[in-house]
S.K.: 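Could you have a look at this structure, given as structure tokens, before my questions?
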Amino acid sequence: MKLDRLIYYRQDHNSIYTLVDLYNRICDGNTIDESQEVLFYESLSEVISESISHGYYGNLWKLYITNMLVNHENAYSLSCEMAGDAVGSISATARLDFAIIYQVFNMDFAVFKPYFDYDYDSFLCFDARNNTGYKFSKRIRDCILNLAKELSGAKDADEFQQLVAGFYKSFGVGKLGLHKAFRIEEGGQIVPVSNIAHVKLSDLVGYDIQKKQLTDNTENFLAGKKANNCLLFGDAGTGKSTSVKAICNEYYDRGLRLIEVYKHQLKDIHHVIAQIKSRKYKFIIYMDDLSFEEFETEYKYLKAVIEGGLEKKPDNVLIYATSNRRHLIKESFKDKQDMDDLHKNDTVQEKLSLAYRFGVTIYFGSPSKKEFQDIILELRDRTGITLSDDEILAEANKWEISHGGLSGRCAQQFIDYIAGQQ
């Protein structure tokens, strides 16, 4: 097994290289010294630690190799992501890699037993079914477990390659393929969010018109039709953020991904877009509770991206923002009365221009008293609370007076409180 002959799947998994090198040494009849013994146990520790963090169980070696394959972004894996198994020279040269990886995947660890004292059975039949890990969601973990099981049944390297290519086509490759949602770290680096709230639009009681406006625009986006950037604005606690998260959950299987960006990160937004513009997925750049004070100028980065910059916004990117303000930049009477400003109208238009660049604006208003009561009753029925209509509405009335007034958030907090008392 010559890992130095890999073309596409060259990587820095030192544990793989170390264990394969030791395997080759033993098979060639070479002796094992003390320093190599240390490397063996260090590599074994790395494989086990990473497997536990991902929630894997079973044959940890095969799962470790599978994990490497599904996360390795290269010319072949990205081509398969776009169109299934690549054809021509890309597929032919990748076949050379898979001939090697197939051998590595099926490496017989019994070769090590005479040389190293370790728990062979535990390593290859690791029992941790109750451990879901923290780096992947259970859904992603199970997809990789299933792929490893399928790869274990591959009769040769060609079938092995076809299974991996099929996974790339169905689920994608790397962090952008496997995960639903992402956040931004320093320098605009995209980092997966492992535990996004699994809300659905049906969880949001009422607001049917608003939800339809949002889904219609998103459907057009996913279908490759013209779609607009969206601004969801209105009163606090009315479900604006919940709606965007629900869109991400409901359309993930159709290739939708959500990237959350805070306003202080807007200076990095061009770097974020550069990382996603050539991928097959559709990306919503999500900005929650967006608003700017007079002294904050980061909105200029956003204006340039939405419309007006030299570089065209990619067709696979939309911007969805939520805000309590319809006009995102704080205005004051001073803007219209400032005698020192020779062009007062220009100042006003500058502050309004950001909101006007969102083609779809959706208003989420606080519910009326009757609508609030309907939300309470609906949530009560979903939660299984046994209080009668009169009992729970009387308690809800007292609750909303001291907890921010009529809103969906207030209703949900009240229901959570009552459920906790039962």
S.K.: Using side-chain heavy atoms (C-beta onward) and a distance below 4.5 Å, is I259 in contact with I190?
M.R.: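 They are in side-chain contact.
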S.K.: For residues V47 and L60, report the shortest heavy-atom separation together with the two atoms involved.
M.R.: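 In terms of heavy atoms, the two residues are closest at CG1-O, 3.9 Å.
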S.K.: Ignoring hydrogens and angles, tell me if any N or O in the side chain of H54 forms a donor-acceptor pair with the backbone of E50 under 3.5 Å.
M.R.: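 Yes, the answer is positive, given that a donor and an acceptor are paired below the 3.5 Å cut-off.
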S.K.: Report, as yes or no, whether the 6.0 Å neighbourhood of atom NZ on K175 holds more than 12 heavy atoms from other residues, nucleotides or ligands.
M.R.: yes
S.K.: Using only atom types and a distance under 3.5 Å, with no angle test, would you say the side chain of E378 pairs donor to acceptor with the backbone of I375?
M.R.: no
S.K.: Go through the steps for Y102 and D158 under the test side chain to side chain donor-acceptor pair (under 3.5 Å), then give the verdict.
M.R.: CA-CA 9 Å; Y102 177 73; D158 286 343; over 6 Å; no
S.K.: Could you go step by step and tell me if F160 and K155 meet the side-chain contact (heavy atoms from CB on, under 4.5 Å) rule?
M.R.: CA-CA 8 Å; F160 189 94; K155 64 180 183 297; over 6 Å; no
S.K.: Verify whether one side chain among N316 and K277 offers a donor that lies under 3.5 Å from an acceptor in the other.
M.R.: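 Their side chains do not contain a donor-acceptor pair, so the 3.5 Å distance test is not met.
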S.K.: For V173 and N71: C-alpha separation, side-chain torsions, deciding distance, then whether side-chain contact (heavy atoms from CB on, under 4.5 Å) applies.
M.R.: CA-CA 6 Å; V173 59; N71 282 287; over 6 Å; no
S.K.: For G188 versus V272, what's the shortest heavy-atom pair and its separation?
M.R.: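 It is O-CG2, 3.7 Å.
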S.K.: Among N249, L258, L256, exactly one meets side-chain contact (heavy atoms from CB on, under 4.5 Å) together with K180. Which residue is that?
M.R.: N249
S.K.: Below 30° counts as parallel, above 60° as perpendicular, anything between as tilted: where do the rings of Y363 and F233 land?
M.R.: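 Geometry flag for F233 against Y363: tilted rings.
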S.K.: What distance separates N67 CG from H72 NE2, expressed to the nearest 0.5 Å?
M.R.: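 One finds 12.0 Å between CG of N67 and NE2 of H72.
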S.K.: Check for a donor-acceptor pair, side chain of R25 on one end and backbone N or O of V20 on the other, with a separation under 3.5 Å.
M.R.: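 No, the answer is negative, given that no donor and acceptor are paired below the 3.5 Å cut-off.
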S.K.: Tell me whether R5 at atom CZ has more than 12 heavy atoms from other residues, nucleotides or ligands lying less than 6.0 Å away.
M.R.: no
S.K.: Would M107 and F109 satisfy side-chain contact (heavy atoms from CB on, under 4.5 Å), going step by step from the backbone distance to the final call?
M.R.: CA-CA 6 Å; M107 192 168 71; F109 270 72; 3.6 Å; yes
S.K.: Under 3.5 Å, is there a donor-acceptor pair between the Y168 and S79 side chains?
M.R.: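 Distance-only check fails for Y168 and S79.
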S.K.: Between Y57 and F126, is the gap from one ring center to the other below 6.0 Å?
M.R.: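 Between F126 and Y57, which both carry aromatic rings, the centre distance is not below 6.0 Å.
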S.K.: So, taking the atom named OG in S278 and the one named CE in M82, what distance separates them when rounded to the nearest 0.5 Å?
M.R.: 8.0 Å
S.K.: Is there side-chain contact between M287 and K263, with heavy atoms separated by less than 4.5 Å?
M.R.: no
S.K.: Do H179 and V193 touch side chain to side chain, with heavy atoms closer than 4.5 Å?
M.R.: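 With C-beta onward as the side chain, the pair stays apart.
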S.K.: State, yes or no, whether a side-chain contact exists between I16 and Y64 at a heavy-atom distance under 4.5 Å.
M.R.: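 The answer is yes, as the side chains (C-beta and beyond) meet within the 4.5 Å cut-off.
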S.K.: Taking atom OH of Y41 as the centre, report whether more than 12 heavy atoms of other residues, nucleotides or ligands fall under 6.0 Å from it.
M.R.: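 Enclosed.
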S.K.: Compute the ring centroids of Y118 and F40, then answer whether they are less than 6.0 Å apart.
M.R.: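 For Y118 and F40, the ring centres are under 6.0 Å apart.
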S.K.: How close do L163 and A154 get, counting heavy atoms only, and between which atoms?
M.R.: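 Shortest heavy-atom contact: CD1-CB, 4.2 Å.
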S.K.: Rounded to the nearest 0.5 Å, what separation is found between the CD1 atom of I184 and the NE2 atom of H264?
M.R.: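 Answer for the CD1-NE2 pair, I184 versus H264, is 10.0 Å.
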S.K.: When you check the side-chain N and O atoms of Y23 and Q103, is any donor under 3.5 Å from an acceptor?
M.R.: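 Their side chains do not contain a donor-acceptor pair, so the 3.5 Å distance test is not met.
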S.K.: Under 30°, 30 to 60°, or over 60°: which ring-plane class applies to Y76 and Y8, parallel, tilted or perpendicular?
M.R.: tilted
S.K.: How close do A246 and K200 get, heavy atom to heavy atom, and via which atoms?
M.R.: CB-C, 3.5 Å
S.K.: Please determine whether the number of non-hydrogen atoms from other residues, nucleotides or ligands lying under 6.0 Å from atom NZ of K212 exceeds 12.
M.R.: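 Result for NZ/K212: open.
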S.K.: Spell out, as yes or no, whether a donor-acceptor pair under 3.5 Å connects the side chain of S49 to the backbone of E46.
M.R.: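 Flag not set: sc S49 to bb E46 has no pair under 3.5 Å.
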S.K.: Side chain of E42, backbone of L39: donor and acceptor closer than 3.5 Å?
M.R.: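 A pair under 3.5 Å: no.
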S.K.: Look up atom CG in L222 and atom CD1 in I284, then write down how far apart they are to the nearest 0.5 Å.
M.R.: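 The distance works out to 7.5 Å.
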S.K.: Is the side chain of R10 donor-acceptor paired with the backbone N or O of L6 at a distance under 3.5 Å, no angle test?
M.R.: yes
S.K.: Identify the heavy atoms of S243 and L204 that sit nearest to each other, and give their distance.
M.R.: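 Scanning both residues, the minimum pair turns out to be OG-CD2, 3.3 Å.
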S.K.: Counting distance only, does the side-chain N/O of D288 pair as donor-acceptor with the main-chain N or O of T322 below 3.5 Å?
M.R.: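 No, D288 side chain to T322 backbone: no donor-acceptor pair under 3.5 Å.
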S.K.: Using atom types as modelled and distance alone, determine if a side-chain donor or acceptor of K226 lies under 3.5 Å from a backbone N or O of F221.
M.R.: no
S.K.: Is K211 salt-bridged to D208, going by a charged N under 4.0 Å from an acidic O?
M.R.: yes
S.K.: Looking at K369, I want to see if its NZ is surrounded by more than 12 non-hydrogen atoms of other residues, nucleotides or ligands under 6.0 Å.
M.R.: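 Above 12, so yes.
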S.K.: Keeping the roles fixed (side chain from N59, backbone from W61), state whether a donor-acceptor pair exists under 3.5 Å.
M.R.: yes
S.K.: Going by atom types only, do N217 and Q213 share a side-chain donor-acceptor pair under 3.5 Å?
M.R.: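 Looking only at side-chain atoms, Q213 and N217 do not form any donor-acceptor pair under 3.5 Å.
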S.K.: Is it the case that atom CD in E186 sees more than 12 heavy atoms from other parts of the structure closer than 6.0 Å?
M.R.: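 It does not: E186 CD has 12 such atoms or fewer within range.
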S.K.: Does the structure place the NZ or CZ of R257 under 6.0 Å from the centre of the six-membered ring of F283, at an angle of no more than 45° from the ring's axis?
M.R.: no
S.K.: Using the ring-ring contact (aromatic ring centres under 6.0 Å, His included) criterion, which residues pair with F414? Sequence neighbours excluded.
M.R.: W399
S.K.: Give, for atom CG of D4 and atom CG of D21, the distance between the pair rounded to the nearest 0.5 Å.
M.R.: 10.0 Å
S.K.: Take L393 and L377 through the test side-chain contact (heavy atoms from CB on, under 4.5 Å) and record every step on the way to the result.
M.R.: CA-CA 8 Å; L393 291 178; L377 296 177; 4.2 Å; yes
S.K.: Check the side chains of E219 and Y251 for a donor-acceptor pair under 3.5 angstrom, ignoring hydrogens and angles.
M.R.: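 Y251 vs E219: donor-acceptor pair found between side chains.
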S.K.: Using the side-chain contact (heavy atoms from CB on, under 4.5 Å) rule, pick out the option among I140, D142, L147 that qualifies with I144.
M.R.: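 The single option meeting the side-chain contact (heavy atoms from CB on, under 4.5 Å) with I144 is I140.
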S.K.: State, to 0.1 Å, how close S407 and P367 come at their nearest heavy-atom pair, and which atoms those are.
M.R.: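 Looking at all heavy atoms of both residues, the shortest contact is CA-CD, 3.8 Å.
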S.K.: Does any part of the side chain of R183, heavy atoms only, come nearer than 4.5 Å to the side chain of Q189, both counted from C-beta?
M.R.: no
S.K.: Do D235 and F364 make a side-chain contact, defined as non-hydrogen atoms from C-beta onward lying under 4.5 Å apart?
M.R.: no
S.K.: Taking the side chain as every heavy atom from C-beta outward, state whether L19 and V104 have any pair of such atoms under 4.5 Å apart.
M.R.: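 Side chain of L19 against side chain of V104, heavy atoms only: no contact under 4.5 Å found.
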S.K.: Give me the ring orientation class for Y9 and F98: parallel if the planes are under 30° apart, tilted from 30 to 60°, perpendicular past 60°.
M.R.: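 Perpendicular: the ring planes of Y9 and F98 meet at over 60°.
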S.K.: Hey, does F112 have a side-chain heavy atom less than 4.5 Å from the side chain of L22?
M.R.: yes
S.K.: Is it the case that the side chain of E260 and the backbone of Y286 share a donor-acceptor pair, with hydrogens and angles ignored and the cut-off at 3.5 Å?
M.R.: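 Checking the backbone N and O of Y286 against the side chain of E260, no donor-acceptor pair under 3.5 Å is found.
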S.K.: If you round to the nearest 0.5 Å, how far is NZ of K240 from CG of D289?
M.R.: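 Between D289 CG and K240 NZ, I get 8.0 Å after rounding to 0.5 Å.
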